[in-house]
Amino acid sequence: MQRKSLAFIATLAAYAMPAMAQTPPPPPPPEAKTSAMPYVMAAGMSDLYEINSSQVALEKTQNPAIRKFATMLIKHHQKTTAATMKAAQKAGLTPTPPMLDAGATASINELQTAAPADFDRLYLGQQVPAHQAALDLHQSFATGGDQAPLRTSAKAAVPIVKQHLNAAMKLQDGKSHNMQGM
């Protein structure tokens, strides 16, 4: 009886360990939800994380649905970065090119070093919270941001990010066969 309990606990620990190791990128700072330059930097970093993580996915995944999702993310996030930069310039700002912070870099590194059997789970496990944070950022700035051109750009990004979040959650739930709009 005691051996069965120990085996059960060891099995649970084996399944829990990889899930605990997952590192989603950190959410943007609170000031990015209302202040133009922090918003531009946070939106740019979010897009860059999505592009870089999806490039890793194209190299590592064997799943055609994940490949399709990653390709879509790269294409869409290149467009949203360009739109944000254009809106920032319209608002009189001169933003630097997007850069990853230490947390986003750690997330990318985790994907690069993931075992093939764990990759898709880790990738999607990062994508869902990353897109939830991006959705909150864009929705918040769209309604309370201090620069009109950027509010417009943020509002335009919301349905794109919602589409990505829904697709990531469907993939995570194993419902990849019916992902419309990708």
Side-chain angles (χ1 to χ4, degrees), residues 14-29 32 38-85 88 95-139 153-154 156-182:
Y15 282 105
M17 291 280 219
M20 291 167 42
Q22 188 171 294
T23 311
Y39 167 75
V40 170
M41 301 309 289
M45 184 179 71
S46 175
D47 283 343
L48 186 59
Y49 160 77
E50 295 300 342
I51 292 165
N52 289 356
S53 65
S54 295
Q55 287 169 335
V56 174
L58 290 177
E59 294 169 13
K60 295 194 80 158
T61 190
Q62 299 300 312
N63 183 330
I66 300 280
R67 293 185 70 73
K68 186 175 181 182
F69 177 69
T71 300
M72 176 185 69
L73 292 189
I74 292 168
K75 185 172 99 179
H76 288 181
H77 285 289
Q78 288 171 338
K79 288 180 181 177
T80 55
T81 297
T84 300
M85 293 302 165
T96 58
M99 293 175 23
L100 298 178
D101 67 8
T105 299
S107 296
I108 298 292
N109 290 340
E110 182 180 44
L111 292 174
Q112 289 171 330
T113 60
D118 294 333
F119 180 80
D120 291 352
R121 180 186 54 78
L122 288 171
Y123 175 66
L124 293 172
Q126 288 183 6
Q127 292 305 311
V128 170
H131 279 91
Q132 288 168 331
L135 183 59
D136 180 46
L137 172 69
H138 293 300
Q139 285 177 326
S153 178
V158 167
I160 296 166
V161 176
K162 280 183 179 178
Q163 176 192 7
H164 296 173
L165 177 58
N166 289 335
M169 291 189 309
K170 284 179 184 176
L171 282 167
Q172 209 172 34
D173 291 343
K175 298 175 185 166
S176 61
H177 59 276
N178 190 20
M179 291 198 316
Q180 306 222 342
M182 279 188 23

Please report the closest heavy-atom contact between [X] and [Y], naming both atoms and the distance.
X: His138; Y: Ala154; result: O-CB, 3.5 Å
X: Pro25; Y: Ser107; result: N-OG, 3.2 Å
X: Pro129; Y: Pro24; result: CG-CB, 3.5 Å
X: Ser53; Y: Tyr123; result: O-CE1, 3.6 Å
X: Tyr39; Y: Ala32; result: CB-O, 3.1 Å
X: Pro98; Y: Thr81; result: CG-CG2, 4.0 Å

Exercise for the section: Could you check Ile66, Thr61, Leu111, Ile74 and say which one makes a side-chain contact (heavy atoms from CB on, under 4.5 Å) with Ser54? Expected result: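 Only match with Ser54 under side-chain contact (heavy atoms from CB on, under 4.5 Å): Ile74.
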
Considering only heavy atoms from C-beta outward, does the side chain of [X] approach that of [Y] to under 4.5 Å?
X: Asn63; Y: Phe119; result: no
X: His131; Y: Glu50; result: yes
X: Thr113; Y: Asn109; result: no
X: Lys60; Y: Gln112; result: no
X: Thr96; Y: Met41; result: yes
X: Gln127; Y: Leu73; result: yes
X: Asp47; Y: His76; result: no
X: His77; Y: Thr80; result: yes

Nearest 0.5 Å, what's the [atom1]-[atom2] distance between [X] and [Y]?
X: Gln172; Y: Arg121; atom1: CD; atom2: CZ; answer: 10.0 Å
X: Ile51; Y: Gln78; atom1: CD1; atom2: CD; answer: 5.0 Å
X: Tyr49; Y: Leu100; atom1: OH; atom2: CG; answer: 10.0 Å

Problem - Ser46 side chain vs Ala42 backbone, donor-acceptor pair below 3.5 Å - result: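 Between the backbone of Ala42 and the side chain of Ser46 there is no qualifying donor-acceptor contact (under 3.5 Å).
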
